Amino acid sequence: MSDLRRTTTATEAHEGTAATATTGTETAGNAGARASGTVTTHCPYCALQCGTRLTRRDGRTAVEPTPFPVNRGGLCQKGWTAPALLDTPGRLTRPLVRGADGRLAPATWESALDTVAARLQEIRAAHGPDAVGVFGGGGLTNEKAYQLGKFARVALGTSQIDYNGRFCMSSAAAAGSAAFGLDRGLPFPVTDLGGADVILLAGANPAETMPPLMRHLTGAQLIVIDPRRTATAEGAALHLQPAPGTDLALALGLFHLAVVEGRTDQGYLNKRTTGFDAAWARAAAWWPERVERVTGVPVAEMREAVRLLAGAERAYVLTGRGAEQHSKGTDTVAAFINLALSLGLPGREGSGYGCLTGQGNGQGGREHGQKADQLPGYRMLTDPAARAHVAGVWGVDPDALPGPGRSAYELLDALGTGGGPRALLVFGSNPVVSAPHAARIADRLNSLDLLVVADFVPSETARTADVVLPVTQWAEEEGTMTNLEGRVLRRRRLLPPPGEARSDLEVLHGLAVRLGQPAHRFPAAPREVFEELRRASRGGPADYSGISWERLDAGEALHWPCPATAGDEAAHPGTPRLFLDAFAHPDGLARFAEVEHRDGAETPDAAFPLYATTGRVLAQYQSGAQTRRVPELAAAAPEAFVEVHPDTAARYGLADGDAAEVSSARGSTLARVRLVPSLRADTVFLPFHFAGAGRANLITSPALDPRSRMPEFKVCAVRIGPAPRPAPLAAPGTAEAVRP
Ligand SMILES: Nc1nc2c(c(=O)[nH]1)N[C@H]1C(S)=C(S)[C@@H](COP(=O)(O)OP(=O)(O)OC[C@H]3O[C@@H](n4cnc5c(=O)[nH]c(N)nc54)[C@H](O)[C@@H]3O)O[C@H]1N2
Ligand SMILES: Nc1nc2c(c(=O)[nH]1)N[C@H]1C(S)=C(S)[C@@H](COP(=O)(O)OP(=O)(O)OC[C@H]3O[C@@H](n4cnc5c(=O)[nH]c(N)nc54)[C@H](O)[C@@H]3O)O[C@H]1N2
Ligand code: SF4
Ligand SMILES: [Mo]
């Protein structure tokens with residue numbers, strides 16, 4: 001078990017060693033005088049939602065991890081340095097409105113909100129309600145996500161709302177719902193992973209993306225599927241290294257082997273599943289040698305993976321974005337679920353299938369109605385009973401609720417075109433950096449009659465807006481978040497917001513009232529919104545009606561569904577483990593999916609001979625809007641880079657440290673070359689955290705999965721060569737007030 005040591009070492013190396021990190025300045029955002037005190041809360045970044053304790057004293061904030069079971073006293077480098085966000089220079093503290101001179105200038109809240117409301121009314125009057133769009137985020141609290149969906153459907157009357165979770169969770173959600181009848185990323189607590197013997201990680205790199213999660217994986221042998229030899233793969237018992245975009249073939253091949261080698265669990269298949277025969281009819285044609293030809297993974301490694309997985313008493317199959325962010329992401333996840341079902345894993349205590357949800361509220365963000373086709377409680381907008389229930393809670397006519405709108409990329413792509421929205425409100429996303437085919441999206445945003453961005457830092461998207469609304473961040477507000485295991489958590493306020501910053505809920509209240517809504521319909525107090533969310537979710541798949549802030553504050557661990565029970569609202573214990581007795585389909589059975597491999601939207605050719613894939617590094621978060629501003633993180637990952645195999649670099653005239661230009665059919669990006677001998681020679685990798693000319697999304701493909709509408713972030717065809725001109729690779733830091 002020497003592999004275990006390596007896993008542990010990788011974890012420690014990536015978690016950092018700070019005992020207690022303190023940051024703060026007396027100057028930034030007049031925060032120096034802000035209150036003192038201590039709160040127990042959670043990290044502002046990823047879906048692990050590590051438990052933290054914050055202490056504010058003398059204008060400085062210190063963070064320390066709590067024994068919260070998910071992080072068990074660990075934090076990653078981003079968590080340790082998160083307090084720097086509270087005092088970051090350049091923090092937005094006043095509303096900004098673009099004047100006739102083309103520059104963003106400070107304005108009062110009254111005039112900023114009046115301006116936005118008046119222009120929204122004009123645009124609606126001239127072009128109809130769908131001329132206004134809303135773009136939300138999976139980092140928003142449950143209360144904000146809920147209120148944003150309600151605001152779009154009721155105050156704006158638009159169908160045009162979607163959110164960045166479409167770029168993140170949608171393929172796993174679609175496949176999970178189809179297989180199990182319900183989508184909760186992990187249908188079991190994270191701590192269950194600690195008892196596993198074997199865990200297969202398909203396209204996930206938690207050693208960098210969720211380092212404290214590795215604490216739960218040290219007892220298991222890991223099988224990692226990743227074209228790169230990541231920090232996670234370094235510690236694995238087995239690393240399968242397929243070409244990007246070929247996981248579907250690989251999963252079919254593993255399923256095939258499980259069947260022909262007699263490793264399936266026949267009793268489980270009979271009792272708990274349906275659809276095996278049709279799924280097998282497809283997989284039967286994916287014999288191992290054929291899979292090796294498509295994926296590049298040797299047959300012996302596939303056999304070893306199935307041997308490990310099938311031989312384990314307790315085993316999990318987990319997917320990450322590497323398997324999901326493809327134009328066939330839903331089918332790929334379905335194929336991994338087929339594999340898990342064939343081995344009898346889902347719905348069994350100590351085993352299962354799960355998806356590692358990414359954003360801070362990536363789970364809650366997909367339940368409360370900011371998605372194009374959804375109503376709160378994870379209900380469908382097309383379901384008449386759901387419409388009637390939610391409209392009842394909102395006090396509106398069900399027929400007045402619009403139908404489903406465009407998905408995230410389709411919404412952004414349509415902006416300012418004939419049929420698309422002419423105004424957009426952005427809450428919690430930075431699509432100028434994070435959307436695929438980013439140059440096209442920046443161009444669409446610039447074509448709008450009105451772009452409004454609510455943020456607490458001047459993100460690249462905020463800098464192109466007509467109106468920028470400064471909002472509160474994590475430690476300045478109250479609310480709830482739902483982590484990757486479906487556990488509802490309290491976010492607590494440590495200090496008052498700087499300057500004139502207001503919460504997103506206050507912003508929505510102010511706009512709704514100006515759009516003619518009764519004030520009571522859009523409360524600004526998060527707790528009041530949560531009480532309404534409970535009622536709206538009641539009876540839905542994601543039922544929060546039995547969850548109260550009192551129960552959470554008393555320390556109860558509540559995973560949804562947690563329905564209110566007659567007589568005693570607080571009686572239901574929540575549901576840490578789903579599916580133990582039955583899956584959520586009416587017949588209680590899990591469904592195998594009939595899926596077939598297909599190529600990605602682009603495969604390498606003479607003009608673009610390499611695969612490019614994209615992803616994350618430890619020290620930066622997402623579009624980098626927040627983490628590029630944290631000095632310690634910016635120092636650790638200062639500029640765009642591209643990982644290249646040494647032979648490939650030599651072939652294209654590149655040496656380590658050179659500035660390279662990577663080009664696809666859509667455009668080019670600039671990045672510093674890093675030679676990585678363990679990478680596949682046919683593949684280059686770029687992180688997407690950097691702005692300007694270093695945006696990886698200048699080259700990515702907007703090909704969409706037909707079911708989830710997930711863009712193909714994880715594979716496109718490119719060529720690489722020396723950068724044609726001296727390249728400004730480091731990310732620009734401070735705000736630039738002029739629309740580019
Ligand atoms: N440090 C850091 N942590 C984060 C985030 C962050 O931005 N930075 N973001 C959070 C969010 S929102 C998310 S969604 C999660 C994402 O967490 P992960 O899914 O772990 O992150 P990624 O780096 O996007 O992708 C994982 C791996 O997929 C591999 N990959 C690329 N193409 C393929 C392919 O075709 N097949 C397979 N099998 N693998 C492939 C990449 O090489 C990469 O190592 O991380 C969360 N945590
Ligand atoms: N090439 C490539 N592109 C990708 C991916 C990839 O793997 N490769 N991954 C995709 C994935 S999984 C994701 S999740 C997206 C994420 O990409 P984005 O949607 O751009 O996510 P963030 O960078 O987190 O942007 C959030 C913005 O909202 C602000 N913000 C944070 N909290 C709040 C709040 O409570 N209210 C308001 N109003 N603002 C807030 C932050 O300051 C920041 O500017 O990127 C996607 N893009
Ligand atoms: S793993 Fe995620 S939640 Fe935990 S400290 Fe790091 S960024 Fe924060
Ligand atoms: Mo994500």
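Only this structure's heavy atoms are used, side chains among them; waters, hydrogens and symmetry mates stay out. Counting convention: from 1, in listed order, for ligands and their atoms alike. Not measured: the values here are computed from a predicted model. Along the sequence shown, the residues carry numbers beginning at 1.
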Check this for me - ligand 1, [X], N or O atoms closer than 3.5 angstrom, yes or no?
{"X": "Asp247", "answer": "yes"}
{"X": "Thr230", "answer": "no"}
{"X": "Gly245", "answer": "yes"}
{"X": "Gln622", "answer": "yes"}

Cys168 neighbourhood, listing ligand 2 atoms whose heavy-atom distance to it stays under 4.0 Å: 12 (S), 14 (S)
What protein heavy atom lies closest to [atom]? Include the residue and the distance to one decimal.
{"atom": "atom 19 (O) of ligand 1", "result": "Arg321 N, 2.9 Å"}
{"atom": "atom 18 (P) of ligand 2", "result": "Ser434 OG, 3.3 Å"}
{"atom": "atom 10 (C) of ligand 2", "result": "Gln325 NE2, 3.5 Å"}

Contact with ligand 2 for Asp504, non-hydrogen, under 4.0 angstrom: yes
Contact partition for His326 relative to ligand 1, non-hydrogen atoms under 4.0 Å: side chain
Residue portion contacting ligand 1 (non-hydrogen atoms closer than 4.0 Å) for Glu208: backbone
Residue selection (non-hydrogen contact nearest atom 42 (O) of ligand 2) among Ile699, Leu469, Asp455: Asp455
